[in-house]
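Read through the structure below, which is laid out as structure tokens, and then see the notes.
Naming: A, B, ... by sequence-line order, numbering from 1 per chain.
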Amino acid sequence: MTVRTRIAPSPTGAPHIGTAYIALFNRAFAKHHGGQFILRIEDTDQVRSTSESETAIFDALRWLGLDWDEGPDVGGNYGPYRQSERTDIYREHAAKLVASEHAYPCFCTADRLVAVRREQELNQQRIGYDGHCAGLDPAEAARRVAAGEPHVIRLRTPDTGICKIADQFRGEIEIEWETVDDQILMKGDGFPTYHLANVVDDHLMEITHVIRGEEWISSAPKHLLLYEAFGWQAPVLAHLPLLRNPDKSKLSKRKNPTGILYYRQAGFLPKAILNYLGLMAYRPEGDLEIFDFATMVSSFDFNRVSLGGPIFDVQKLRALNGHYIRELTDTDLLESLKSWLLHDATLLDVVRMSQPRLEQLADFVPMIAYLFADGVPLDPVDIDKAGKESGKAAEWIQFVQWEFERLQRWQADDIRACFERVAEQEDVKLKIFLGVFFRAFSGRAVALPLFDSLVWLGRDMALRRLQYAQEALREAGVGLSGKALKRLEKSYRERYVEEGGQDG
RNA sequence: GCGCCCAUCGUCUAUCGGUUAGGACUCCAGGUUUUCAUCCUGGCAAGAGGGGUUCGACUCCCCUUGGGCGUGCCA
């Protein structure tokens with residue numbers, strides 16, 4: 001049996017450093033056994049998935065050297081590797097489950113579900129679906145489905161007994177069936193949920209080992225039950241500890257740079273990132289900290305994986321990166337610099353932006369420096385003063401951060417529209433408004449054209465700069481307090497997000 | 001609230017019953033260097049608490065505490 005592992009990111013937003021972390025372990029394990037590592041795109045969330053994000057995932061993982069043997073863009077014998085192209089397969093399998101009564105159609109409305117949950121919260125009961133439609137007569141349910149009544153398909157879970165999960169890192173985990181509710185398998189839109197799709201695909205793609213984040217432990221029983229219902233052999237499960245923010249919460253973009261592309265733009269080396277990510281839960285042997293992917297592959301051992309939730313410490317990553325930079329020969333470093341950003345294609349953009357403003361060639365480098373930096377020296381007092389009144393700058397920056405995250409495409413026109421929208425909402429002249437942002441992004445009141453600069457920097461770096469600015473403002477006492485941030489978020493939702501809750 | 005996971009310096013970790021509890025990052029001091037950085041040397045700094053098991057527990061078991069995740073027609 002050849003070992004096959006996979007990474008299955010969903011293309012929503014910027015490719016996450018956590019995805020690289022999980023991918024690294026999966027790839028290292030597969031390669032240790034001479035097996036294959038597969039990339040599967042989990043785009044079953046029609047609302048949030050974008051092709052821009054999918055491309056960015058390919059780009060980011062490949063840059064890190066985490067190549068895949070099979071995937072949407074390289075093909076393979078188990079395709080298609082994009083879940084949105086496999087909907088027939090899921091529908092078919094869901095139908096089988098309904099036929100065997102391992103699953104059932106549910107006609108409950110979203111309103112009823114909310115009401116049920118609220119009552120459970122009130123009575124301090126366990127939260128979960130109450131099984132309202134589980135007892136429906138199958139024939140009757142089938143008639144209603146045939147009549148076109150809106151419905152979802154739910155998994156029928158046992159009411160008693162315990163589910164034993166053989167986690168390769170943690171040993172046996174026991175979860176009582178009573179605590180797992182009837183999970184939705186097929187959504188009202190005809191798309192599967194993660195639970196169904198991931199089980200069906202892992203089986204069909206002959207995945208032998210599923211190494212994923214510990215956030216999945218509590219849904220493992222549902223997955224195991226599905227394998228059983230289909231009469232399939234379940235893959236080996238292993239749950240890695242989650243990467244954390246300095247405050248120990250799950251790593252999030254609000255508190256940290258989480259975009260892989262940020263790290264590329266900021267000049268981190270792939271081998272340093274891989275080494276650091278490996279360090280988060282693995283040591284090849286004893287005190288060995290500096291190691292490459294090949295060492296991780298050859299030494300890979302489930303017993304050497306540590307389980308404490310590691311805090312992602314950019315400072316240590318930086319130190320490690322410095323180590324690798326120093327290890328390069330001068331010509332290799334020059335090549336690294338060139339392939340990073342100092343090549344003709346990117347330089348030409350910068351040349352075009354700067355030309356109208358140049359009086360001497362010597363003006364060039366100082367003028368463009370902020371485009372090649374991670375952070376720039378900031379004057380928080382000056383930034384704050386650029387706002388209409390003290391405190392406004394921090395608010396404006398926050399609104400723009402949220403708008404940037406929601407932007408579908410990262411292009412000059414969209415970015416411009418984004419600034420115009422916020423300036424209008426905040427009732428401030430664009431010229432005044434942008435003053436804050438020239439300072440936040442470049443550290444100066446004047447710089448090259450803002451929107452083009454942002455396109456050039458990339459979304460992840462743009463967001464990072466705003467994060468730096470917020471930190472500086474906070475330190476200077478003119479930033480957003482926790483309370484103010486909460487208030488602002490509410491105001492943002494009301495005024496900017498037309499309808500429905502947005503994700504976090 | 002309920003379920004599950006986790007627990008060694010500030011941070012990442014080594015230790016798989018017997019160690020002065022080791023290394024790395026950070027910080028501090030000193031040395032090399034025209035400055036800085038690098039590099040070298042040294043230093044500060046840890047087994048959450050309480051019960052067991054054992055001749056002997058950081059290590060095994062239980063409880064408490066703390067933290068995390070889950071509790072979505074998101075993944």
Side-chain angles (χ1 to χ4, degrees), chain A residues 8-13 16 18-19 41-49 83 106 108-110 113-114 117 120-129 150-154 162-163 165 167 169-171 173-181 183-198 212-222 239-251 275-290 303-304 306-323 325-327 501-504:
Chain A
S10 73
T12 54
H16 200 277
T19 302
I41 295 293
E42 308 227 328
D43 54 351
T44 53
D45 185 336
Q46 289 187 92
V47 182
R48 297 195 301 154
S49 297
Q83 292 188 329
C106 167
C108 293
T109 61
L113 264 23
V114 171
R117 197 169 306 140
Q120 288 166 335
E121 273 165 19
L122 225 70
N123 299 337
Q124 300 209 333
Q125 285 170 303
R126 197 167 17 250
I127 314 287
Y129 183 60
H151 67 283
V152 300
I153 304 293
R154 281 184 189 273
I162 47 179
C163 175
I165 304 157
D167 186 293
F169 299 147
R170 297 156 205 268
I173 298 170
E174 296 190 346
I175 295 178
E176 299 195 32
W177 279 116
E178 193 187 3
T179 67
V180 359
D181 70 345
Q183 178 63 44
I184 290 176
L185 262 22
M186 291 293 286
K187 301 183 254 186
D189 63 2
F191 272 59
T193 58
Y194 168 86
H195 305 286
L196 208 223
N198 121 80
R212 67 215 316 192
E214 70 179 318
E215 53 194 331
W216 293 109
I217 292 178
S218 46
S219 37
K222 296 163 192 169
H239 295 92
L240 244 16
L242 257 24
L243 261 25
R244 314 277 189 95
N245 293 313
D247 68 2
K248 298 241 184 201
S249 57
K250 176 163 120 177
L251 193 67
N275 189 163
Y276 184 66
L277 253 18
L279 228 35
M280 295 279 81
Y282 191 76
R283 296 286 133 127
E285 56 168 272
D287 289 333
L288 186 61
E289 290 202 335
I290 305 287
N303 292 321
R304 298 205 65 83
S306 50
L307 300 177
I311 290 170
F312 191 90
D313 178 12
V314 183
Q315 178 60 47
K316 181 151 181 176
L317 205 211
R318 202 176 288 137
L320 203 55
N321 201 56
H323 168 87
I325 285 180
R326 267 172 257 121
E327 219 175 40
Q502 207 47 42
D503 65 297

Taking only the side-chain heavy atoms of [X] (C-beta and beyond), determine which of [options] contains the nearest atom.
X	options	result
A:L113	B:A75, B:C73, B:C12	B:C73
A:R126	B:G23, B:A75, B:C2	B:C2
A:K248	B:G67, B:C69, B:G23	B:G67
A:S218	B:G3, B:G70, B:C5	B:G70
A:L307	B:C73, B:A75, B:C6	B:C6
A:I127	B:A75, B:G1, B:G22	B:G1
A:I311	B:C4, B:U11, B:A75	B:U11
A:I217	B:C73, B:G68, B:C5	B:C5

Distance below 4.0 Å between [X] side-chain N/O and [N] OP1 or OP2:
X	N	result
A:R117	B:G72	yes
A:R244	B:G68	no
A:T12	B:C74	no
A:K250	B:G70	yes
A:K187	B:A75	yes
A:S306	B:U13	yes

Please answer whether the main-chain N or O of [Y] pairs with a side-chain N or O of [X] as donor and acceptor at a distance below 3.5 Å.
X	Y	value
A:D43	A:P11	no
A:D313	A:Q315	yes
A:T193	A:I184	yes
A:R304	A:Y282	no
A:R170	A:H239	yes

Round to the nearest Å and state the distance from [X] atom [atom1] to [N] atom [atom2].
X	N	atom1	atom2	result
A:I173	B:G70	CD1	C1'	12 Å
A:H195	B:A75	NE2	C1'	8 Å
A:I165	B:C69	CD1	P	19 Å
A:E289	B:U15	CD	P	13 Å
A:Q183	B:G70	CD	P	14 Å
A:W216	B:C6	CH2	P	19 Å
A:D181	B:C73	CG	C1'	13 Å
A:E215	B:C74	CD	P	16 Å

Quantified in whole Å, what is the [atom1] atom distance between nucleotide [N] and nucleotide [M]?
N	M	atom1	value
B:A24	B:C58	P	25 Å
B:C6	B:C39	C1'	39 Å
B:A21	B:C16	C1'	14 Å
B:G67	B:C60	C1'	23 Å
B:C5	B:C63	P	12 Å
B:G22	B:G43	P	11 Å

Just to be sure I understand the rule, does [X] reach a base, reach only the sugar-phosphate, or reach nothing, if contact means heavy atoms closer than 4.0 Å?
X	answer
A:R283	base
A:R326	sugar-phosphate
A:C163	nothing
A:G309	sugar-phosphate
A:M280	sugar-phosphate
A:L279	sugar-phosphate

Worksheet item: CZ of A:R244 to CZ of A:F312: how many Å apart, nearest 0.5 Å?
Response: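 Separation between the atoms: 14.5 Å.
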Any strand: nucleotide that pairs with [N] via Watson-Crick or wobble, under 3.5 Å:
N	result
B:G66	B:C6
B:G18	B:C55
B:G47	none
B:U34	none

Fill in: Sub-4.5 Å side-chain heavy-atom contact between A:H16 and A:L251
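Yes; the side chains approach each other to less than 4.5 Å.
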Worksheet, complete the sentence: Of A:R304 and A:D247, the one whose closest nucleotide on RNA chain B sits nearer the 5' end is A:R304
Practice prompt. Between A:P192 and A:E174, name the one whose nearest nucleotide on RNA chain B is closer to the 5' end.
Written response: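 So the residue in question is A:E174.
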Item to complete: Show the numbers, then the answer: is there a side chain to side chain contact (heavy atoms under 4.5 Å, CB included) between A:L320 and A:L279?
Response: CA-CA 11 Å; A:L320 203 55; A:L279 228 35; 4.3 Å; yes
